Amino acid sequence: MSAISIAEHLRTYCKDVGLIQSDLFVAGEWRRALDAARFDVLDPADGTVLASVANASADDARTAIDAAHGALGAWSALTGHARGIVMRRWYDLIRQHAGDLAALISAEGGKPYAEAQGEVAYGASFVEWFAEEARRVDGDVLQSPRGDQRILVIRQPIGVCAAITPWNFPFAMITRKVAPALAAGCAIVVKPAEQTPLTALALAELARRAGVPAGVCNIVTADAQRSIEVGRVLTTDPRVHHVSFTGSTEVGRILLRQCASTVKKCAMELGGHAPFIVFDDADLDAAVAGALTGKYRNAGQACISPNRFFVQSGIYERFVAAVAEASTRLRVGRAFDDGVAIGPLIDSQALAKVQRHVDDATRQGATLAAGGKPVMGNFFEPTVLAGVTPAMQMFNEETFGPVIGIARFDTEEEVIAMANHAEYGLAGYLYTRDISRMWRVGEALEFGMLGINSSAISNEVAPFGGVKQSGMGREGSKYGIDEYLQMKYLCVGI
Ligand code: NAP
């Protein structure tokens, strides 16, 4: 398929061409970068150029912070109810343009179109949820230890916020941050990933149409090189009071160090290395289905993707056979082709990492039960490896690809120790029909989220986030808005 055909696909599926934007969105306007620099957005399937987008510099980042700072007062002065009405209009427009947004996600991220539509529904749910939560930001009245005082607690918007987001969920990772920020009364500057700026810009266009006031939500796009200077401004400008980042643990550490210089509040949604544990007493069909949907979502490029499969000896052979058989039936292909379950990896480096993990495992004695090699371009076959051990690379770093590496275990104690043996603690999965074991193992596992007999764990109602070096803070849920609020205590003498 040529560059023209992916562009044609985009035009076919994205009917509202006004959503295909390529400049920075600052102070409610589409603007070129101050030095007019641009960068190319590529089709991950074959690297052909899809669009050319404004490449922000440090100066553009400062201009965006100026805009957010200027808009903050009026936006935060609105009632939560009034902000919620604007956000609800944004949500309605997102739902009306779900197909258009999915087309952008598929074109620049390679995600199969049906799956991209799922991401839009998921991402939109945060806008709807926080549009409702906007009017529920309440305070408290505490009983004073002194009779001549009253103690009030109010919660106020934290101020100007910055969000830095990854390419793997280019829509939902933005709404999960922008929606609570706006609901709380904050203004925000977003820097999306180099690979996926178009989805972010379309979201900004819909926010503009919904009547989100100029400067309340700004988007600065940048390539990987300039992301560093833009990120430095966002994490060091004293007018920014909160930084929310989703991405790798390595970059999270850099941003935390930078934020320390002006003591910003930080929310860090970082890397995962999820264990997927299947006990002998599990419902085999449910465990196999959970493994497939959990692992092959976005071709394995998800932070909560199971990355280490531990299966108890009594069910091990049957689990390996069933997962391998189902994997070979999955169709690998381009995002807009019919029936595609697995799209391309984001780039050639991602493909090389997957291949390295598979080669390392087979060299150390793992056996291939399905797949094992690239198909074409940046596509990799759904792959199942049996006999994986904790010494192998795939058990020590995120693979971020469509590879199921399975280890055998015998006892509960042994599997808990192996699962917890990781610097990460984002998500984990556990399949058992023994209710006592569910509690015992569930409480012993060191992860922020656990799927028990289910791998579909993320939604707007549940608190999303990790422990250990998977980060800090929670997104979504009734707790998610707290990131964007600060508490003030009023001591009233009477
Ligand atoms: P990444 O390399 O950390 O990049 C994420 C974002 O940070 C991108 O916007 C990137 O911009 C930017 N960035 C990179 N270096 C920067 C710097 N020095 N200063 C400022 N910004 C910088 O991660 P990724 O490869 O895109 O995403 C995959 C990782 O994200 C995985 O580890 C995955 O587990 C994690 N993730 C976590 C969650 C979660 O909720 N916990 C969700 C999704 C993904 P450029 O693209 O321009 O370089």
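Computed over heavy atoms, backbone and side chain alike; hydrogens, waters and symmetry mates excluded. Counting starts at 1 for both ligands and their atoms, following the listed order. Predicted model only: the values in this text are computed from it and were never measured.
- Between Gln486 and Arg155, the closest side-chain pair of non-hydrogen atoms is not below 4.5 Å.
- The pair Arg226-Asp35 meets the salt-bridge criterion, with a side-chain N (NZ, NE, NH1 or NH2) lying under 4.0 Å from an Asp/Glu carboxylate O.
- A salt bridge between Asp66 and Arg239 is present, with a side-chain N of the basic residue lying under 4.0 Å from a carboxylate O of the acidic one.
- Comment: Arg356 engages Glu397 in a salt bridge, judged by a side-chain N to carboxylate O separation of less than 4.0 angstrom.
- For Phe310 and Phe276, the ring centers are positioned 6.0 Å apart or more.
- Using the six-membered ring where Trp is involved, Phe309 and Phe319 have ring planes that are tilted, between 30° and 60° apart.
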With the criterion set at N/O pairs under 3.5 Å, what does the list of contacts between the protein and ligand 1 look like, atom names and distances included?
| from | atom 1 | to | atom 2 | distance (Å) |
| --- | --- | --- | --- | --- |
| ligand 1 | 3 (O) | Ser248 | N | 2.8 |
| ligand 1 | 3 (O) | Ser248 | OG | 2.6 |
| ligand 1 | 9 (O) | Thr165 | O | 2.7 |
| ligand 1 | 9 (O) | Lys191 | NZ | 3.0 |
| ligand 1 | 11 (O) | Lys191 | NZ | 3.1 |
| ligand 1 | 11 (O) | Ser227 | OG | 3.4 |
| ligand 1 | 23 (O) | Ser248 | N | 3.4 |
| ligand 1 | 25 (O) | Trp167 | NE1 | 3.3 |
| ligand 1 | 26 (O) | Trp167 | NE1 | 3.0 |
| ligand 1 | 30 (O) | Gly247 | O | 3.3 |
| ligand 1 | 32 (O) | Glu398 | OE1 | 2.7 |
| ligand 1 | 34 (O) | Glu398 | OE1 | 3.4 |
| ligand 1 | 34 (O) | Glu398 | OE2 | 2.6 |
| ligand 1 | 40 (O) | Arg176 | NH2 | 3.1 |
| ligand 1 | 41 (N) | Glu269 | O | 3.4 |
| ligand 1 | 41 (N) | Leu270 | N | 3.3 |
| ligand 1 | 41 (N) | Leu270 | O | 2.8 |
| ligand 1 | 46 (O) | Glu194 | N | 2.9 |
| ligand 1 | 47 (O) | Glu194 | N | 3.4 |
| ligand 1 | 47 (O) | Ser227 | OG | 2.5 |

